[in-house]
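One structure is given here, and the rest of the page talks about it.
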Amino acid sequence: MSASSPFKVLPADFYRRPAPEVARALLGRYLVRRVEGRRLVVRLVETEAYLGAPDRASHAWNGRRTPRVESLYLTGGHAYVYFIYGMHYCLNVVTGEAQVGSAVLLRAGEAVEGGGEMARNRGLARVPRPGDLAGGPGKLCKALAIDRAQDGLSLLAGELTLTQGDPVAGYAVASGPRIGVAYAKEAATWPLRFAIQGHPQMSRPKL
DNA sequence: CGGAAGATCCACT
DNA sequence: GTGGATCTTCCGA
C-alpha cells in the first residue's frame, strides 16, 4: 500500500500514455462508483489494451467512426461504455490524446467496498466471494450499475473515478492474448491482456 | 434493407 | 464443454 490515500483520484496525465502502459498501470487501482451518495469500489485485477486504428480488434479500427464509438475519440481519462451481445455492457478507459481511439477494457475486479449492493445489482441471492462480483467485463458493469448513461463521462471527478488503490509492481503482472478477438487476424495474438499474476479471479483462461 | 456477428454470461449436459 | 439468450450496429447488395 502506498503512503497517500488509496482513494486519491488519478490525474489526467495518468491516461495520456499508450494504452498498453495504462492497462498495466491500472492493475491494483480502485474503480470508484458513486451512486446516490453511496460508494461502490472494486480493485482492478484484469485489463485489456485496444490500440485504435491499427488494431483490428478495436472499435476504432481503421479510423472507424460512428455515433456509438464517439466517446472513444475523447481525450484520455474519459469513459467509453458499449452494449454487446444484446445484454451486456463493457466499460473502457480512454487513453492517449483526443482523436486517437485507444482505450483499456476493464475486464475484472474484486470487491473492496459495497459488496452487498453489488450482489443486489447482479441479482444474486447471496453475497459471493469478493472476486465473484465483478469477475468479467459484463459482470463488472452490472455490479457497479454502469450502462450507456455513463458513456463519455470524465473519470477525473464525479460518479465514476479511478483512484490510486493498491498498485502492483511490474513483476507481478502477467500478459497474454486478448479474449474473444479471434476474428481480428494479426491483432488476435498481440499480448495486450494484463492481469495480476496468479490472481484467482481472472475472467476465464489463465495467463 | 436484410443478414450476420459480436471486447459475454449462465444453465445445462 | 456447448449452446442459447437478446439486440444493436455495421456492411454489403
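Below, all heavy atoms of this structure are taken into account, side chains as well, without hydrogens, waters or symmetry copies. Below, read A as the first sequence line, B as the second, and so on, with proteins coming before strands; counting in each chain starts at 1.
Between Arg122(A) and Gly180(A), it is Gly180(A) whose nearest contact on DNA chain B lies nearer the 5' terminus.
A distance of about 23 Å separates the P atoms of dT6(C) and dG2(B), rounded to the whole Å.
You'll find the side chain of Tyr89(A) stays beyond 4.5 Å of the side chain of Gln150(A), heavy atoms only.
For dA7(B), the base is stacked against the aromatic ring of Tyr50(A), per a cut-off of 5.5 Å between centres and 30° between planes.
Gly86(A) comes within 4.0 angstrom of a nucleotide base, judged by non-hydrogen atoms across all strands. Looking at heavy-atom distances under 4.0 Å, Arg148(A) makes no contact with the nucleic acid at all.
Side-chain atoms of Tyr82(A) come within donor-acceptor range of the base of dA7(B), with a qualifying N/O pair under 3.5 Å.
Listed nucleotides: dT8(B), dC11(C), dC10(B). Nearest to the side chain of Lys139(A): dC10(B). When distances are taken from the side chain of Arg68(A) to each of dT6(C), dT9(C), dC10(B), the shortest belongs to dT9(C). Of all nucleotides listed (dT8(B), dC11(C), dA7(B)), dC11(C) comes nearest to the side chain of Arg64(A).
Remark: Tyr89(A) is not in phosphate contact with dA7(B), judged by side-chain N or O atoms under 4.0 Å from OP1 or OP2. Within the 4.0 Å cut-off from OP1 or OP2 of dA7(B), not a single side-chain nitrogen or oxygen of Ser58(A) is found.
Taken from CG in Leu74(A) to OG1 in Thr95(A), the straight-line distance is 12.0 Å, to the nearest 0.5 Å.
Under the Watson-Crick or G-U wobble criterion, with both distances below 3.5 Å, dA5(C) is paired with dT8(B).
For Arg178(A) (side chain) and Ala49(A) (main-chain N/O), a donor-acceptor pair under 3.5 Å exists by modelled atom type.
His59(A) and Tyr82(A) have perpendicular rings, their planes meeting at more than 60° on a 0 to 90° scale where under 30° would count as parallel.
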